[in-house]
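Bear in mind the structure is a predicted one, so any value in this text is a computation, not a measurement.
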Amino acid sequence: MTTPTSPAGSAAEPASLGAAVTIQALDRDPFPVYRRLREEEPVAWVPAAHAHLVTRWEDVQRICRDAETFSAAVHDSPLSQSIGPNLLHSDGARHDRLRAPLTEGLRPSVIKRTVEGAVRETVRSLLGALRPGDEVDLVNGFAQTLAVRVLQRVTGLPEMPVPVFTAWVDGIAAGSANYERDPAKQRRADEASAAVDDVLRATLRQRPAPGTLLAGLAAGGATFEEIAATTKLLIIGGMQEPRDLFGHALIAYLTEPGVREEVDRDKASIVRLIEEALRLGAPVGTVTRRVTRPTRVAGRLLAEGSLVLAVLASANRDPRRWDEPDEFRLWREHNQHLSFSAGVHACVGAVLARTQVRIALEELLTAYPALRLAEEPVIRGWEFRGPTSLKVGLGSASGRSVEAASPTAHGAPVVPLRVLDVHRSGGEVAVITVGPARGGELPPWTPGAHVDLTFDHAGQVFRRSYSLCGDPADRHTWRFGVRRASGSRGGSAFLVEALARGSRLEATPPRNGFALTPAPGHLLVAGGIGITPLLPMARALAASGTPWRLLYVGRDRASMPFLDEVEALGPACETWTTGERGHPDLAARLRAVPAGGQVYACGPAGMLDDLAALVAGHPVLTLRVERFGAPGGPGTHADAREFRVRLARTGREITVGPDRTLLHALEDAGIVMPSTCREGICGSCETAVLAGAVDHRDHLLSDEEKERGDVMLVCVSRSRGTRLTLDL
């Protein structure tokens, strides 16, 4: 196994944080280590892991999605050493060929049709073997046994005792996480791998049952070595992920304030419980990539051939992306965590894991409503992290079971608001001040936060996101600025032109994916209405004593809202009118930011793209941007048009704007839509279409399925007409 050369290996360099990281500390509790690395050394050479650990959200997401710069073909990784060349550590045609039968066999519609009923039957059988009043270990008994039974069914492996599967998983997982290169762990992995090979040879000679994953792999022409490596991946992920996810979710249910009450009131909120448990618990800690060309990550130059571990578990707790990232929040919105990775290598078994954990919790919590913890759970691991056991007292049985439980999404809590003031400027911008409609205080917020505002106009319901730009210390009012969007179909135009004092609105609680974080210095760059999230940041920085500058760019002074408030902050603020002076020299302003500084920018796409290109070549700066509206992603095209979607199970209707994906619109409306790749590849967001014509833009559905039009991938596909009806 080769060891990449570390830039930190020079004796002339000071000792790094990464040099002090130990596998033992990570195994015990990695999150304090990740927290410090995120803030002080976001790309850290860790000799104990023989790799660079990358810990910030934006960088981890980039590594997961940029397959050209960060190759998955890492054949000397601990995983590849343990199971051989495999799907997870391959790229291009080989990856696509091996993944295709798995994607087809693990799609939501296939799982619902062929697996879901068997999962529920197995769960009820396992629960029926328990005795009311007993104390039992629900991880090593119930959840582990369930995972084995489901694995046997979907893969086509023969039925065998659970301890056999457990020994395979423990052995291969030990080797797969063997970054310290312990010979004893490698021997365990080799022995388990050989045992799987023996069973596979016998199974393939007898021909796997039709419809199983082994049958699909064999029919696709995979070699024995490819089938064996893929099966071992399925065994590790198919056992460990649902088992540990179940443990994390049940612990949250039993210990987190308010969670049990909400789930007991409405079992549909189990889907929210699962997503937040995935974010906070991340059953798989990292993805491994090899750098294919010199590139900078968080200001650090990585040489070609460098090995990086993108730490999913750390990205999921990055305060730059999440409000109160270490807190469990059942009603967390836009929970687009990275626990199943992202892009073309997103976990193919994500839907199956979510399905079996959902059904297990539905049945367990219905059958044993008096469930309680019998002892404090112990959670271990960093690459594979979960409770080592979960002992509970069952209490009395209810005698009931779930008959028609459905993972239907439901809306998030809202904040009723009353409009206190509307100040209009030049017909293009309105500054709106709101207060609580029923008295009391508004939820707290921090600079950079925004709310999703809901309002009715002309018989339509609109939902738009706006940054808060008032004073976070004022718990009785919120303020935001709205610019009339070009070609507005009624949303921003209504707010700017017609919204009146006393009007009633609703909003989500504030959330912050653009939070201000400590740094040696800050540069804030605002374009037009992009000043709104940066204005409270500027006030906070002015009060903190930290070096900072604000560049506020606009066409002319008349088009620049909040100009008087910006200029009142003093000489640290620079205003620039392009109509008179052309475009500012952004490179010069970046050079004035101290090493390790952060650049925050909000404004037109061209300005943000220019900044990104400049910062990419800057060795010691980090750029954070917020674009007008949410990024459209792969599902938005130049010819995209607005359409309406009816959710058949609730009768609710939502509008999908031309600059939004259907997935974004569903998430904006508080609908829980598990999704992994968000690129039309993995199929995890597949949704049944009951009416309307679909504009398919995915890379998964067959031509026949697209012609039928009864399913769609909501992350990228849209409506051909003005309306769709979905089975949601």
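- Between the side chains of His75 and Ser80, no donor-acceptor pair is found at a separation under 3.5 Å.
- Cation-pi geometry between Arg317 and Tyr34 is not met at under 6.0 angstrom from the ring centre and within 45 degrees of the axis.
- Here the CG-OG1 distance, from Leu98 to Thr230, works out to 5.0 Å after rounding to the nearest 0.5 Å.
- Val711 places none of its side-chain heavy atoms less than 4.5 Å from the side chain of Val694.
- The aromatic rings of Trp57 and Trp322 lie perpendicular to each other, with more than 60° between the two planes, well past the 30° mark.
- Nearest heavy atom pair, residue Ala515 against residue Pro319, reads CB-O, 3.5 Å.
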Does the side-chain contact (heavy atoms from CB on, under 4.5 Å) test come out yes or no for Thr661 and Cys715, once each step is laid out?
CA-CA 6 Å; Thr661 66; Cys715 65; over 6 Å; no

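- Considering CD of Gln81 and CG of Asp76, their distance stands at 6.5 Å, rounded to 0.5 Å.
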Kindly determine whether Arg289 and Asp66 satisfy salt bridge (charged side-chain N to carboxylate O under 4.0 Å, His left out), including the steps that lead there.
CA-CA 10 Å; Arg289 297 290 186 265; Asp66 184 357; over 6 Å; no

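- Comment: Arg94 engages Glu226 in a salt bridge, judged by a side-chain N to carboxylate O separation of less than 4.0 angstrom.
- In this structure the side chain of Leu151 never reaches within 4.5 angstrom of the side chain of Leu157, judged on heavy atoms.
- At a threshold of 4.0 Å, the pair Lys185-Glu180 counts as salt-bridged, since one of the basic side-chain nitrogens sits closer than that to a carboxylate oxygen.
- Judged by distance alone, the side chains of Asp190 and Ser82 never bring a donor and an acceptor atom under 3.5 Å apart.
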Step-by-step side-chain contact (heavy atoms from CB on, under 4.5 Å) determination, Arg300 to Trp45:
CA-CA 11 Å; Arg300 180 163 186 169; Trp45 172 254; 4.3 Å; yes

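- In this model, a donor atom of one side chain and an acceptor atom of the other lie less than 3.5 Å apart for Glu383 and Thr286.
- Using a cutoff of 4.0 Å between basic side-chain nitrogens and carboxylate oxygens, Arg35 and Asp326 are scored as salt-bridged.
- The structure places OH of Tyr179 at 7.5 Å from CG of Leu79, a figure rounded to the nearest 0.5 Å.
- Side-chain contact annotation: Thr622 with Gln598, donor-acceptor N/O pair under 3.5 Å absent.
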List the steps, then state whether side-chain contact (heavy atoms from CB on, under 4.5 Å) holds for Arg296 with Leu302.
CA-CA 6 Å; Arg296 290 193 181 274; Leu302 294 176; over 6 Å; no

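- Side-chain contact between Phe246 and Arg358: absent, with no pair of heavy atoms (C-beta onward) separated by less than 4.5 Å.
- A salt bridge links Arg697 with Asp695: at least one charged nitrogen is closer than 4.0 Å to a carboxylate oxygen.
- For the pair Leu200 and Phe224, the minimum side-chain heavy-atom distance is below 4.5 Å.
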Might you work through the side chain to side chain donor-acceptor pair (under 3.5 Å) test for Ser314 and Arg38, ending with a clear yes or no?
CA-CA 8 Å; Ser314 174; Arg38 279 195 307 266; 3.1 Å; yes

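- With salt bridges taken as basic N to acidic carboxylate O contacts below 4.0 Å, one links Arg320 and Glu39.
- Applying the side chain to side chain contact (heavy atoms under 4.5 Å, CB included) rule to Arg207 yields no partners; only residues at least two apart in sequence or on another chain are considered.
- Looking at heavy atoms from C-beta onward, Arg201 lies in side-chain contact with Asp198 at the 4.5 angstrom threshold.
- Of all heavy-atom pairs between Thr203 and Gly156, the closest is CG2-O, 3.7 Å.
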Taking it one step at a time, do Ile63 and Val54 satisfy side-chain contact (heavy atoms from CB on, under 4.5 Å)?
CA-CA 9 Å; Ile63 289 169; Val54 180; 3.8 Å; yes

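- Between Ala167 and Ala192, the closest heavy-atom pair is O-CB, 4.3 Å.
- For the pair Gln240 and Pro283, the minimum side-chain heavy-atom distance is below 4.5 Å.
- Shortest non-hydrogen contact noted between Ala44 and Leu37 is CB-CD2, 3.8 Å.
- The two residues Leu611 and Ala601 have their closest heavy-atom pair at CD1-CB, 3.5 Å.
- Defined by atom type and a distance below 3.5 Å, a donor-acceptor pair is missing between the side-chain atoms of Thr355 and Glu116.
- Salt bridge absent: Arg385 and Asp27 never bring a charged side-chain N and a carboxylate O closer than 4.0 Å.
- If you check the side chains of Thr295 and Arg62, you find a donor sitting under 3.5 Å from an acceptor.
- Salt-bridge formation is detected for the pair Glu58/Arg624: a Lys NZ or Arg NE/NH1/NH2 atom is positioned less than 4.0 Å from an Asp or Glu carboxylate oxygen.
- Asn335 and Glu276 share a side-chain donor-acceptor pair at under 3.5 Å.
- Side-chain contact between Ser306 and Arg290: absent, with no pair of heavy atoms (C-beta onward) separated by less than 4.5 Å.
- Residue Arg97 qualifies as enclosed at atom CZ: its count of foreign heavy atoms under 6.0 Å is above 12.
- Minimum heavy-atom separation, Val615 to Leu621: CG1-O, 3.9 Å.
- Salt-bridge annotation for Arg107 and Glu686: present, with a side-chain N of the basic residue lying under 4.0 Å from a carboxylate O of the acidic one.
- Using a 4.0 Å cut-off between charged side-chain N and carboxylate O, Arg354 and Glu241 make no salt bridge.
- Contact annotation: the side chain of Ser341 approaches that of Val287 to within less than 4.5 Å [non-hydrogen atoms, C-beta and beyond].
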